[in-house]
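Structure, as structure tokens:
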Amino acid sequence: MFAHKIKHVFFDLDHTLWDFDKNSELAFGKIFKEKHSTIDVSLFVEIYAPINQACWKLYQIDKLSHEELRYRRLKDSFDAMNYDISDEDIHQMSIDYITYLPENNLLFEGAQEVLEYLNSKYTLHIITNGFAEVQYKKIANSGISDYFSTVTNSEMAGVKKPHPQIYQHALNVANASKESSVMIGDCIDADVRGAVEFGIEAIHFNPEKKVVPLTTHSISKLVELKKYL
């Protein structure tokens, strides 16, 4: 299946193990119930999800700062809905959102099962571009901390996926080699192409079965990892 024997399995977190969209909807539901009760949460999240993804892509290539991302993804979403809201309210909402988001702990179907399966055979790790303080809370609150030997985030590495330096940092911390490692993630650019170009095998988690411009191993459900690992 792979050219070398795999010993280390690296996971992305958001949109791969941790169900970002469902947990976002819960967080926004709490916020809107308190202060913006006329907003349809499901409609907002439908608009917010692609805008958030676009903002993260800009963040990954340093076209947006940490604070700009938090503001712009909300501002652009409300503008798309023609919903009148002040900058002050958006700034406060960005703080509330980051506070409430990791309180939720919905994982993708099969996540716990596949982590339990892999944990007995490999050393598991996380590489994430997410904000460190939030990511650690997500991992802890969803009950998966014990599965992972190391967690590498972009703040400690000084760069974001797909930059090769974050992969090198993760390997150094994990005491792993390129040849013995595999990366699993949903983002074709950050997780898959970034890993492959660095020299690590990759598996694309593609639950929506999107057509992607890179040929690689692909799964639509996490339990399918058992076929590869």
Side-chain angles (χ1 to χ4, degrees), residues 11-108 126-142 151-163 165-166 169-170 185-191 194:
F11 279 94
D12 175 46
L13 183 62
D14 292 334
H15 302 286
T16 299
L17 293 171
W18 198 81
D19 196 329
F20 186 92
D21 290 340
K22 288 182 179 178
N23 291 318
S24 277
E25 187 163 349
L26 292 171
F28 282 123
K30 185 173 181 178
I31 291 169
F32 295 159
K33 184 177 180 180
E34 292 173 356
K35 298 178 181 177
H36 301 274
S37 58
T38 60
I39 297 176
D40 182 321
V41 179
S42 296
L43 175 61
F44 179 84
V45 170
E46 187 177 328
I47 292 169
Y48 172 83
I51 290 174
N52 180 53
Q53 290 279 51
C55 286
W56 270 98
K57 286 185 178 180
L58 293 173
Y59 176 72
Q60 286 167 5
I61 57 175
D62 297 320
K63 292 292 181 69
L64 283 182
S65 70
H66 183 146
E67 291 304 320
E68 286 169 339
L69 180 145
R70 289 184 171 184
Y71 170 80
R72 182 166 162 181
R73 62 186 177 181
L74 293 173
K75 171 65 173 172
D76 289 357
S77 297
F78 286 120
D79 285 351
M81 292 180 68
N82 294 314
Y83 185 84
D84 188 29
I85 183 171
S86 69
D87 278 353
E88 183 180 357
D89 280 352
I90 290 176
H91 283 300
Q92 183 57 50
M93 187 177 295
S94 73
I95 295 169
D96 293 342
Y97 176 69
I98 292 298
T99 300
Y100 296 153
L101 186 62
E103 292 179 357
N104 306 304
N105 55 20
L106 296 177
L107 299 172
F108 275 95
I126 284 177
I127 308 178
T128 173
N129 281 351
F131 309 130
E133 59 177 305
V134 182
Q135 300 303 75
Y136 284 117
K137 289 178 183 177
K138 290 175 182 176
I139 294 165
N141 291 348
S142 56
V151 177
T152 293
N153 62 66
S154 56
E155 291 173 61
M156 67 171 64
V159 292
K160 310 171 191 76
K161 294 178 292 183
H163 196 289
Q165 190 176 316
I166 192 171
H169 182 94
D186 70 293
C187 182
I188 199 69
D189 291 318
D191 299 317

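Positions are given from 1, in the same order as the sequence printed here.
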Side chains of [X] and [Y]: closer than 4.5 Å at any heavy-atom pair?
{"X": "E34", "Y": "Y100", "value": "yes"}
{"X": "S42", "Y": "E25", "value": "yes"}
{"X": "D21", "Y": "H15", "value": "yes"}
{"X": "F78", "Y": "H36", "value": "no"}
{"X": "W18", "Y": "L107", "value": "yes"}
{"X": "F28", "Y": "I39", "value": "no"}
{"X": "K160", "Y": "D62", "value": "yes"}
{"X": "L17", "Y": "I139", "value": "no"}

Identify which one of Y97, Y136, W56 satisfies the ring pair (Phe, Tyr, Trp, His ring centres under 6.0 Å) criterion when paired with F131. W56
Give the minimum heavy-atom separation between [X] and [Y], together with the two atoms involved.
{"X": "G130", "Y": "E155", "result": "O-OE2, 4.2 Å"}
{"X": "P162", "Y": "D189", "result": "CB-O, 3.5 Å"}
{"X": "R72", "Y": "C55", "result": "CG-SG, 4.0 Å"}

State whether the side chain of [X] and the backbone N or O of [Y] hold a donor-acceptor pair below 3.5 Å, judged by distance alone.
{"X": "K161", "Y": "G194", "value": "no"}
{"X": "N52", "Y": "Y48", "value": "no"}
{"X": "N141", "Y": "P102", "value": "yes"}
{"X": "S94", "Y": "Y71", "value": "no"}
{"X": "S154", "Y": "N129", "value": "yes"}
{"X": "N23", "Y": "L106", "value": "yes"}

Just checking D84: does its CG atom have more than 12 heavy atoms from other residues, nucleotides or ligands closer to it than 6.0 angstrom? no
Take a 6.0 Å sphere around CD of E68 and say whether it holds more than 12 heavy atoms from other residues, nucleotides or ligands. yes
Yes or no on side chain to side chain contact (heavy atoms under 4.5 Å, CB included) for M156 and N153, after CA distance, side-chain angles and deciding distance? CA-CA 6 Å; M156 67 171 64; N153 62 66; 3.4 Å; yes
In Å and rounded to the nearest 0.5 Å, what is the [atom1] to [atom2] distance from [X] to [Y]?
{"X": "D191", "Y": "D12", "atom1": "CG", "atom2": "CG", "value": "4.0 Å"}
{"X": "R70", "Y": "S65", "atom1": "CZ", "atom2": "OG", "value": "10.0 Å"}
{"X": "M93", "Y": "K75", "atom1": "CE", "atom2": "NZ", "value": "12.0 Å"}
{"X": "T152", "Y": "Q135", "atom1": "OG1", "atom2": "CD", "value": "12.5 Å"}
{"X": "L13", "Y": "D186", "atom1": "CG", "atom2": "CG", "value": "10.0 Å"}
{"X": "N104", "Y": "K137", "atom1": "CG", "atom2": "NZ", "value": "13.0 Å"}

Do the charged groups of K138 and D14 touch, with an N to O distance under 4.0 Å? yes
Any salt bridge between K35 and D89, counting N to O under 4.0 Å? no
Between Y83 and S77, does the side chain to side chain contact (heavy atoms under 4.5 Å, CB included) criterion hold? Intermediate values first, please. CA-CA 9 Å; Y83 185 84; S77 297; over 6 Å; no
Evaluate the side chain to side chain contact (heavy atoms under 4.5 Å, CB included) criterion for residues D40 and F32: first the C-alpha distance (whole Å), next the side-chain angles of each, then the deciding distance (0.1 Å), finally the verdict. CA-CA 9 Å; D40 182 321; F32 295 159; over 6 Å; no
Give the C-alpha distance, both sets of side-chain angles, the deciding distance and a yes or no for side chain to side chain contact (heavy atoms under 4.5 Å, CB included) between I85 and L74. CA-CA 10 Å; I85 183 171; L74 293 173; over 6 Å; no
